[in-house]
Each structure stands twice: as C-alpha cells, then as structure tokens.
Number of protein chains: 2
Amino acid sequence: MARRSDHSREQIQQMALDAARDIVARDGYTGLSARKVAKTIGYTVGTLYLVFANLDELVMRANAQTLDALYETMLATKARCKNARACIMALGRAYIRFASENTHLWGMIYEHPLPDRDAIPDWYRERVARNLALVEDTLQPLAKNTSAQELAVAARALWGGVHGICILALTNKLDVVGAASVPALVESLIDNYLKGLTANRQR
Amino acid sequence: MARRSDHSREQIQQMALDAARDIVARDGYTGLSARKVAKTIGYTVGTLYLVFANLDELVMRANAQTLDALYETMLATKARCKNARACIMALGRAYIRFASENTHLWGMIYEHPLPDRDAIPDWYRERVARNLALVEDTLQPLAKNTSAQELAVAARALWGGVHGICILALTNKLDVVGAASVPALVESLIDNYLKGLTANRQR
DNA sequence: ACCTGAACACCGTTCAAGT
DNA sequence: ACCTGAACACCGTTCAAGT
C-alpha cells in the first residue's frame, strides 16, 4: 500500500465532501464520522487529515456548499417574483422549503458549533454575507427613504426571524399545531413587519 | 464497594444534573460526557444508567431546568413593565439577556438534537408551552379583536423571530456589526411587527 | 438492592513506517 | 511523496460480579 496517487488532493477533498453530505443527508449530523467518510471513499482516516485540518474543517466546507445551494434557490426565487413585497414573501417560503427538503444538511449548519468569534474563515463569512445581501437587495425598493443602516437592520431582523421560526418549528420547539403552520407563521412575521416598516416611511 | 446507599435515587439524579449544568456552563455542550459527570459526583458511569435511561435523558432534564430558569426571568420581567407593548419589548430584551448570560446552557437546548417528532416527553413539552403561553398572555391586550388562533400565530411568530435573531447573532451567523446590535435587531422586529398587527385591528 | 469495573463497539487525531 | 495501520486518549452503554 501507500503511494497510490489514484486521485489528486482536490479530488480526495471533493470525494470526502460528497461522502460526508450523503451520510449527513441520510443519518444526520450525529451519524457523521471521519472513519465513515474515509471508508466510503476508499481511503484511510489518516488520509483525511492529509487533506483537511480536522473534521471541523470538513464540516464547515460541507456547510458552505449547503449555503451555496440555498443561495442558488433564493436567487432563482427572486428572478421569478413580481414586486418587492411579494419577493420577500417568496424568499421566506423558499427558505422554509429548502429547510424542509434538506433537513439534515441544513440542520448541520446550526448543530455544528462554530469556532471562536473571529476564527471563522473568510470563505465561510462570504457565504453568509452573500445570502444576507440578497435579502437586502430584495428589501431595497420597500425602503427607499431608509438609510443603509436601517436597511441592514431590517434584512437581518427578517432573515433571523424567518430562520428562528423554521428551526424551532422543525425541531418541535414551537408547539405548532393546526392552522399555525410554519408558512402561516412566516407569512405573519413578514406581512406585519413590512407593514410596520412601510408605515414608518409614510410618516 | 457496591451497596453504598449514601444517596437516594433522587439525590443522585439531582447531583448529576447539577454537575452536568456546571460542566456545560464552563465547557459547553461539547465538553459534556457521562464519565465526567460520574467522576464529578463520585460515582461510576454505570450508576448514571441506573438513574437515567441514557445521556439524552440527562441532557433533556438539564434543558428543562434551563427552560424553567428562563420562565422565571420572563415572569419577573412581565411583573415589572407598564403596557402591553412595553412588556413584549421587555420580554424580548430579557430573552437576549438570558441567552447572553447563559450562552452554553441556553445553547445546549438547541445543539442537542431532539428525539423523533412525538417521542418528546410531556414534562418537556409543558416547559415549552408554558413559555409560549406567557408571551401569548402578554400579547393579549394588543389583540383584543383578534381570534385565539391569530393570537397563537402572533406569539409564535414573535417568539421564533426573537429566538432566530439571538441564535444567529450569538453564533456569528448574522454578520452583525456596528449599530446593528442584537437588541437593535430585536427591537426592530418587535416594533414593526406590532405596528403591523395593531394596524390590522384598526381597519 | 445497590454499585462497581471491566468489556464492547465506537470516536478524533497523530505519526512512524512502508513503498 | 503519498498513504497506511496502529496507537493514544477518549466516547456511550451494558452487565456479570461483588457486597
């Protein structure tokens, strides 16, 4: 054994990421382990550490791919909607759909504890920022007389709000029953928030 | 050894819970292990399994205590505020404070994956319901002409929203900088949501 | 009846040794 | 240069054996 060179460093990385995403999609974050990933791609655990710093990096890379997929979904959604208000609403619904359809992969982003405050790599930060920027852009027309600062606040409040409803509901921590479905909650949040926001402007 | 009877079953449970909460408060959910808990209370790992079904149950019991502490804080907050609008705002701020001051214990509630849908024990469900009920009660005066259904939706949308902002901000996933502080985001959310909600009523 | 200690089947991570 | 395989220090969980 040893010295196989069947694959390049980059190939092994991508194979490992694919394997990890498969495992998580099936068994959840709890089911993921370095040894399982290694076995799936036909290499030893040791090799994984030749190509990633540790399991945390592998997880964050996988999460970055999930954030990319979410971005693509939202971009496509934004391309298909009419006015700003309808677009924000559509983005909210797209977020719910993405979270429900990719429960485990989406969940891993939030179950995996991030490294200390400023140790978050730039390539990860950029993904987060890109998604938020999309929300800001969509919100823009509704907040013409609003400062950039206030726009940033609004986008973050809405994004965080929608996310909170999703994560609590999907992990059964919101006592959601009957007509208080997740989409109903998100629509209520967005609807009322935007009413308040535009009311401000007209004063 | 064996047959010590130094403590009752209930005493051992409480000692284990206290130890677990200490460990998590210091090292976070990742730092928790059955062996550490056992060592701290001076018993063997085996004993833990005589008193809890497994580590998951221990964690959920500890989380229930955290939910109780949160409830007490919110109850005290509600007792000290003036009108409904101010009270909801105060509850939001209390939630932020609690989350920031008990980061790890609060975080464990959300990092620990809950059992399957309906396998959540009643004593846990009750804790969640009680916190939500408090929000509903506080919201009540603002929604006089609103159905119970709509009130339930509003309480859940707000609670989920506030939670989402907290969890994203506290785990550095909201790109929060400068004036877009966590309290500013929560205030924006509550303020605009309530404006929208009361505007509905006046139509 | 109550508790231990060792065992089982797993972990993440490292690194000397092989080709 | 690339990869392995074994080792280290941990896990959660079980259960025969001791008192």
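Not measured: the values here are computed from a predicted model. Proteins come first, then strands; the chains are lettered A, B, ... in the order of their sequence lines, and each starts at number 1.
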Would you say a side-chain N or O of [X] is under 4.0 Å from OP1 or OP2 of [N]?
X       : N      : answer
A/Tyr49 : C/dT14 : no
A/Arg4  : D/dT4  : yes
B/Ser33 : D/dC11 : yes
B/Tyr43 : C/dC3  : yes
A/Arg35 : C/dT13 : no

Could you tell me how far apart [X] ([atom1]) and [N] ([atom2]) are, to the nearest whole angstrom?
X        : N      : atom1 : atom2 : answer
A/Asp56  : C/dT13 : CG    : P     : 7 Å
B/Asn54  : D/dC11 : CG    : P     : 17 Å
B/Leu55  : D/dT14 : CG    : C1'   : 15 Å
B/Leu58  : D/dC11 : CG    : C1'   : 15 Å
A/Ile41  : D/dT4  : CD1   : C1'   : 14 Å
A/His112 : C/dG12 : NE2   : P     : 12 Å
A/Asp27  : C/dC10 : CG    : P     : 14 Å
B/Gln11  : C/dC2  : CD    : P     : 13 Å

Which word best sums up how the rings of B/His163 and B/Tyr95 line up, parallel for under 30°, tilted for 30 to 60°, or perpendicular for over 60°?
perpendicular
[N] pairs with which nucleotide, Watson-Crick or G-U wobble, both distances below 3.5 Å?
N      : answer
D/dC3  : none
D/dA9  : none
D/dA17 : none

Let me know, please, whether A/Thr47 or A/Ala34 comes out on the 5' side of the other along DNA chain C by nearest nucleotide.
A/Ala34
4.5 Å side-chain heavy-atom contact, A/Thr66 and A/Met108
no
Would you say A/Val135 and A/Arg156 make side-chain contact, with heavy atoms under 4.5 Å?
no
Of the options A/Arg21, A/Arg127, A/Arg61, which is the one that meets A/Asp68 in a salt bridge (charged side-chain N to carboxylate O under 4.0 Å, His left out)?
A/Arg127
May I ask you to check whether B/His104 and B/Asp27 show a side-chain donor-acceptor distance below 3.5 Å?
no
Taking the nucleotide of DNA chain D with the closest heavy atom to each, which residue, A/Val45 or A/Leu50, is nearer the 5' end?
A/Leu50
